[in-house]
K.L.:
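Before anything else, here's the structure in question.
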Number of protein chains: 2
Amino acid sequence: MNRSMTKMIDVARHAGVSLKTVSRVLNNEPHVQLALREKVKEAVRELGYVPSASARSLRSNRTYSIHLFSHSLRSNFVNSVQFGALHTCQVAGYRMVVTMLDQAKTVGIKELRAWFETLVNSGKPDGVILVPPMSNDPEISKVMSEMNIPVIRIGPNDIEDGGGTVTIDDHAAAVEATQHLLELGHRRIAFVRGKEDQDSTHVRFRGFSEALEEAGVSVDPDLVLPGLFDFESGLAAGDRLLSYPKDKRPSAVFAANDHMAAGVLVAAHKAGVQVPDDLSIIGFDDSEIAETMWPALTTVRQPLYEFGSVAMEMLIQNSGKNTRIEGERKVLPYALVWRQSTGPFQG
Amino acid sequence: MNRSMTKMIDVARHAGVSLKTVSRVLNNEPHVQLALREKVKEAVRELGYVPSASARSLRSNRTYSIHLFSHSLRSNFVNSVQFGALHTCQVAGYRMVVTMLDQAKTVGIKELRAWFETLVNSGKPDGVILVPPMSNDPEISKVMSEMNIPVIRIGPNDIEDGGGTVTIDDHAAAVEATQHLLELGHRRIAFVRGKEDQDSTHVRFRGFSEALEEAGVSVDPDLVLPGLFDFESGLAAGDRLLSYPKDKRPSAVFAANDHMAAGVLVAAHKAGVQVPDDLSIIGFDDSEIAETMWPALTTVRQPLYEFGSVAMEMLIQNSGKNTRIEGERKVLPYALVWRQSTGPFQG
DNA sequence: GGACGCATTGACAACGTGGTACAATGTGAG
DNA sequence: CTCACATTGTACCACGTTGTCAATGCGTCC
């Protein structure tokens, strides 16, 4: 600790300037001549000076840290986003703090506010990234905006609320996935929904329905099953679908994410149903799991890493200026990834 | 920001005591009567006071934050550890900062030291958790100990170096996994190694070899394949093993982790080899993937969540006292999880 | 040439907490 | 009654940075 504690005043003395001048150089403030700037920067290099984060944030009310809020880290989605965010974060010299929002503690908006206030006082983040399902929660966004904390929400389809957004076009992606199955000749296509509190569930289902209708195929309610975005609910949905009599069974399944698609795939294996010959399966996300299944899952790739990375970039760009990020909305490209779990309809 | 900025002096006025008394109560110092203590605590509650993290850490050189260092977040292992650590961390009112160590930047010990100094000066963590492969790197541990930062290393089998350790008994676990296969009647058993810079690779292989030898079976070098702890290397190993002529093939495979076991399983599927009838496969870790494969993987469960949780607990307990955590070593229980990928040897 | 504007630089206070030093009180024991 | 000791308060400094404001230098315009 001791040896390495170079302070700003040391840099100032070393460069033969005042404390304030060093501060100006480090913060890229104007009113310092170029020659002096260089001299200071060299002194910083020579001494290996690093500003003290605590002193800085005490004085300036900035923490140089971005919080990632999630319910759980144990999903591929959150994980990939986190990875992208962290990468960008570190390059910019910020810290990334991971915070888990305990659902029990945030039942009401009052508890939510109290919880956030604790968080904020103890070290107000320069920005916050919200992943689903929190990115859909209007109360959370409201509280954050009241506290004047810039927020980027990942994944939501609504445009309304405050803060920035990073998404794909869920609707178009669902349409394209469905058309993929239609083009392969499938007509009886099942859909496994995700969690109902996430609007991508609804948007994807709407895309699915509309694509079917456009192709002159009506949606069979028996082929629309509930799901929770996890493996188990996919497995349950698969078991259910395969328990139907042969003529009632679907020839293809569109699951709202890869974990559920994996569940359907395992259900098929258990039932001795060949994939893709007897049943085509398409997922959504392009999780790691999609590639490690057999057969590998056809899916819609969401740029999860980029979600995190872009969100972080937006926050860091914004940080410093005290403007709130209002309604900025980035829509990133998705891509259909055709692997082995989908194939032509076998009359 | 404004409204919520309650300071210590506000609490003092509200409770009708002096600033110093509040400070004493909050820091659990002696010399305050119980009644007064309660009064202060109530004032804290009423005002929703939260100490300013930056002021606190500026003054006391503690940050109330723990860093988790990893190379990548994209592995089930790191992820689960992170989850456990975060949970415990938040309960204790600490922050968890995730830091990715760029391998390019840490090639030499000099760069490593410079990198850490930046990190430390900008906000010295109260503790650091190292996951593999960093927990095996003696240079990292050395640098941390020079900087007087408490470290908990997760997973290493060596006892030597400074800092605390949280592990399972890798050797015993590998022996047990191998015995499981032996008891099922298998004699030609392959082993897929992990990364060579992680000592669990070596310890697990030693356990495997010793169990075989004890059973009077010698290790066939052709059945020991390299691996990188990832799906692809497992797939390659599986392809290789199944390309052997029938009488040279193993009847069982022990992969040093689940991702590689999943690769072997997919290789079997591709080759039309039935699991477990024609080939038994056992993994290691009990990753999420183990349960989502078909057939579900038999594996050795490592208590990953607990690794993180226990490591965090040790750090937080230690935090405040300035003693370093020396040689504390917690060995947590593992468990053989028998699922569907292993079965009796079919003559 | 003097007044003025503007860019540059510096001196000093302030952020909210923890620590030190000591005074002022209350309380019980010898 | 006195002394020892625990409790509580007062007062101030320190942590390392940024913000405020004044001082300086320099060129420009009347």
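Side-chain atoms are counted along with the backbone in the values below, which use heavy atoms only and exclude waters and symmetry mates. A, B, ... follow the sequence lines: proteins, then strands. Residue 1 opens every chain.
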K.L.:
Take atom CG of A:N27 and atom P of D:dT20, then tell me their distance rounded to the nearest Å.
P.N.:
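So the CG-P distance, A:N27 to D:dT20, works out to 13 Å.
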K.L.:
Can you check the B:L26 CG to C:dG16 C1' distance for me, whole Å?
P.N.:
13 Å
K.L.:
Check whether any side-chain nitrogen or oxygen of A:Y49 sits under 4.0 Å from OP1 or OP2 of D:dT17, and answer yes or no.
P.N.:
yes
K.L.:
Which residue, A:L19 or A:V32, contacts DNA chain C at a nucleotide closer to its 5' end, judged by nearest heavy atom?
P.N.:
A:V32
K.L.:
Quickly work out the A:L58 CG to D:dT17 P distance and round it to whole Å.
P.N.:
12 Å
K.L.:
Take atom CZ of A:R59 and atom C1' of C:dC15, then tell me their distance rounded to the nearest Å.
P.N.:
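Answer to the nearest Å: 5 Å.
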K.L.:
Within this structure, what is the CD-to-C1' distance between B:Q33 and D:dA6, rounded to whole angstrom?
P.N.:
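Atom-to-atom, B:Q33 to D:dA6, this comes out as 8 Å.
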K.L.:
So does A:S52 get a side-chain nitrogen or oxygen closer than 4.0 Å to the phosphate oxygens (OP1/OP2) of D:dT17?
P.N.:
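So the side-chain polar atoms of A:S52 never come under 4.0 Å of the phosphate oxygens OP1 or OP2 of D:dT17.
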K.L.:
Go nucleotide by nucleotide along DNA chain D from the 5' end; which of B:S18 and A:R24 gets its closest nucleotide reached first?
P.N.:
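The 5'-side residue here is B:S18.
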K.L.:
Between atom CE in A:M8 and atom C1' in C:dA11, what is the gap in whole Å?
P.N.:
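In whole Å, C:dA11 C1' and A:M8 CE are 13 Å from each other.
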K.L.:
Using the ring of each side chain (for Trp, its six-membered ring), is A:F69 parallel, tilted or perpendicular to A:H67, with breaks at 30° and 60°?
P.N.:
perpendicular
K.L.:
Can you see whether B:S57 engages B:T63 through a side-chain donor-acceptor pair at a distance of less than 3.5 angstrom?
P.N.:
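Distance-only check fails for B:S57 and B:T63.
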K.L.:
How close do B:N136 and B:P138 get, heavy atom to heavy atom, and via which atoms?
P.N.:
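Closest approach of B:N136 to B:P138, heavy atoms only: O-CD, 3.1 Å.
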K.L.:
Could you tell me the separation between the CG atom of B:N61 and the P atom of C:dT17, rounded to a whole number of Å?
P.N.:
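B:N61 atom CG is separated from C:dT17 atom P by 17 Å.
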K.L.:
Using only modelled atom types and a 3.5 angstrom limit, is any donor from either the side chain of B:R56 or the base of C:dT17 paired with an acceptor on the other?
P.N.:
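No, the side chain and the base share no sub-3.5 Å donor-acceptor pair.
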K.L.:
Rounded to the nearest Å, what distance is computed from the CD1 atom of residue B:I9 to the C1' atom of nucleotide C:dA14?
P.N.:
16 Å
K.L.:
Could you check whether the rings of A:F77 and A:F307 sit parallel, tilted or perpendicular, using 30° and 60° as the cut-offs?
P.N.:
tilted
K.L.:
Considering just the side-chain nitrogens and oxygens of B:S23, establish if one lies under 4.0 Å of OP1 or OP2 belonging to C:dG18.
P.N.:
yes
K.L.:
Establish, from distance only, whether the side-chain atoms of B:H14 and B:Y49 form a donor-acceptor pair under 3.5 Å.
P.N.:
no
K.L.:
Tell me which of A:K20 and A:H31 sits closer to the 5' end of DNA chain C, going by the nucleotide each one is nearest to.
P.N.:
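Upstream on the strand: A:H31.
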K.L.:
Which is more 5' along DNA chain D, the nucleotide nearest A:S54 or the one nearest B:L36? Just name the residue.
P.N.:
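In this pair, the answer is B:L36.
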